Amino acid sequence: MEKDLLVKSINELKHKHNAVIVAHNYQKDEVQEIADLVGDSFALSKFCANNDAKIIVYCGVHFMAESAKILAPDKTVLLPELDAGCPMADMVTAEALREEKKKYPGAVVVCYINSSAEVKAECDICCTSSNAIKVVQSIKEKEILFVPDKNLGNYVSQFVPEKKVNLWNGFCITHHRVKLDEVKKIKELHKDALLLVHPECQPEIVEVADYVGSTKQIIEYATDSDCKKFIIGTEMGVMYTLKQNNPDKTFYLMSQGLICPNMKKTSLESVYEALRSMKNVIELEEDIRIRAKRALDRMLEIT
Ligand code: CIZ
Ligand code: SF4
């Protein structure tokens, strides 16, 4: 089907079924274009929970659609590409985490939102890359087990030097593969640009950044800044909103490797197909959902 016709058909189906389409900041441009809301995983989940739609088409990866289902259990959540997963989230399973927890009795278990509902159900408190520092600072206990992102965990541990932060050995393959050499080169090439990076990058990259933040924070920082040039150290999908919001500014991607293949699986065709067939429904066991929601609710209490 031609793009215009596809977009028209998607919109017709959306109205017919009382559906909304949400797209993560890392989705393809054409998917972001048709979404009712573009944002980070937590903003999208909250939006899903707080509107009247019956059907949510979640353009993102599996753990994100699960987060929407955790917060909006009465809605039908569709993931257009059911095998769009997050390799980092897959680096920890509930079973492996139960074993690891035995080594750290008394430690508060913090899980990055990039984790499955089953893993969240094993944790005390959840965090996003926007609020991870606040979350670890809110913890009274002296010891933390942080899963699954060792880079984000390492970054936030600097803000709680009085605590022992044990890290799970997980990472985002997309952010982790960026090398310091290429970052130095692009900085050299654009000396007047600010370097904004995601905390999923390796520590030596975070160290040379002018600003460290989540997708939302990077977009807000660049939009509010008086500077006109930025090197962007997160997945290339954020370029869409950055350019949209700031036509007078220039953005360079920190590395051409900053592309998440799972995020790019969703297409207009798969969105159309999800709405047409009502397939790819996200289901969660109620017990898991309630325990996972507890970790999300505890995060909400302090942010
Ligand atoms: O929580 C999200 O959406 C992710 C994975 C990244 C971010 O920085 O927004
Ligand atoms: Fe997972 Fe990294 Fe892709 Fe985000 S960019 S979904 S953390 S693999």
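For clarity, every value in this text was computed on a predicted model and none was experimentally measured.
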Tell me, with the steps shown, if Arg276 and Glu273 meet salt bridge (charged side-chain N to carboxylate O under 4.0 Å, His left out). CA-CA 5 Å; Arg276 193 192 62 79; Glu273 196 45 36; 2.6 Å; yes
Please report the C-alpha distance between Phe63 and Val61 in whole Å, then the side-chain angles of each, then the deciding distance to 0.1 Å, and finally whether the side chain to side chain contact (heavy atoms under 4.5 Å, CB included) criterion is met. CA-CA 6 Å; Phe63 79 82; Val61 293; 3.5 Å; yes
Output yes when a side-chain donor or acceptor of [X] lies under 3.5 Å from a complementary backbone atom of [Y], and no otherwise.
X: His190; Y: Asp192; result: no
X: Lys120; Y: Arg289; result: no
X: Asn11; Y: Lys8; result: no
X: Gln217; Y: Ser214; result: yes
X: Asn280; Y: Leu78; result: no
X: Lys249; Y: Ser225; result: yes
X: Ser115; Y: Tyr112; result: yes
X: Glu122; Y: Val119; result: no
X: Asn154; Y: Lys150; result: no
X: His17; Y: Ala19; result: no

Less than 4.5 Å apart, side chain to side chain, heavy atoms only: is that true for [X] and [Y]?
X: Cys127; Y: Phe146; value: yes
X: Lys229; Y: Leu194; value: no
X: Cys48; Y: Val22; value: yes
X: Tyr155; Y: Val212; value: yes
X: Lys75; Y: Val20; value: no
X: Ile21; Y: Cys59; value: yes
X: Glu200; Y: Asp149; value: yes
X: Asp297; Y: Arg294; value: no

Run the side chain to side chain contact (heavy atoms under 4.5 Å, CB included) test on Met64 and Met263 for me, step by step, so that the C-alpha distance in whole Å, both residues' side-chain angles and the decisive distance to 0.1 Å come before the verdict. CA-CA 11 Å; Met64 298 180 172; Met263 280 288 179; 3.4 Å; yes
I'd like to know whether Glu33 forms a salt bridge (charged side-chain N to carboxylate O under 4.0 Å, His left out) with Lys3, so could you lay out the CA-CA distance, the side-chain angles of the two residues, the decisive distance to 0.1 Å, and finally the verdict. CA-CA 12 Å; Glu33 263 168 37; Lys3 186 181 170 193; 3.2 Å; yes
Would you please classify the geometry between the Tyr221 ring and the Tyr211 ring as parallel, tilted or perpendicular, with 30° and 60° separating the classes? parallel
Can you label the angle between the Phe251 ring and the Phe230 ring as parallel, tilted or perpendicular, going by 30° and 60°? parallel
Run Met1 and Tyr272 through side chain to side chain contact (heavy atoms under 4.5 Å, CB included) and show every step you take. CA-CA 10 Å; Met1 222 189 283; Tyr272 169 75; 3.8 Å; yes
Once rounded to the nearest 0.5 Å, what's the spacing between atom [atom1] of [X] and atom [atom2] of [Y]?
X: Leu71; Y: Phe47; atom1: CG; atom2: CZ; result: 14.0 Å
X: Ile219; Y: Asn245; atom1: CD1; atom2: CG; result: 7.0 Å
X: Lys134; Y: Phe159; atom1: NZ; atom2: CZ; result: 13.5 Å
X: Glu220; Y: Leu196; atom1: CD; atom2: CG; result: 12.5 Å
X: Asp36; Y: Leu44; atom1: CG; atom2: CG; result: 11.0 Å
X: Ile125; Y: Leu300; atom1: CD1; atom2: CG; result: 9.5 Å

Nearest atoms (heavy-atom pairs only) where [X] meets [Y]:
X: Leu253; Y: Ile231; result: C-CG2, 4.5 Å
X: Ile144; Y: Ile139; result: CD1-CD1, 3.9 Å
X: Gly257; Y: Arg177; result: O-NH2, 2.8 Å
X: Ile218; Y: Gly213; result: CD1-O, 3.4 Å
X: Cys201; Y: Gly233; result: SG-O, 3.8 Å
X: Ala65; Y: Val77; result: O-CG1, 3.7 Å

For a quick check under 3.5 Å, do [X] and [Y] share a side-chain donor-acceptor pair by atom type?
X: Lys264; Y: Asn262; value: no
X: Gln32; Y: Tyr26; value: no
X: Ser67; Y: Ser45; value: no
X: Thr215; Y: Asp40; value: no
X: Thr266; Y: Glu81; value: no
X: His176; Y: Asn151; value: yes
X: Ser41; Y: His24; value: no

Is [Y] paired with [X] through a side-chain N to carboxylate O contact shorter than 4.0 Å?
X: Glu12; Y: Lys16; value: no
X: Arg291; Y: Asp287; value: yes
X: Asp74; Y: Lys54; value: no

Any chance you could lay out the salt bridge (charged side-chain N to carboxylate O under 4.0 Å, His left out) test for Lys103 and Glu100, step after step, and finish with the verdict? CA-CA 6 Å; Lys103 289 192 206 160; Glu100 191 73 0; 3.1 Å; yes
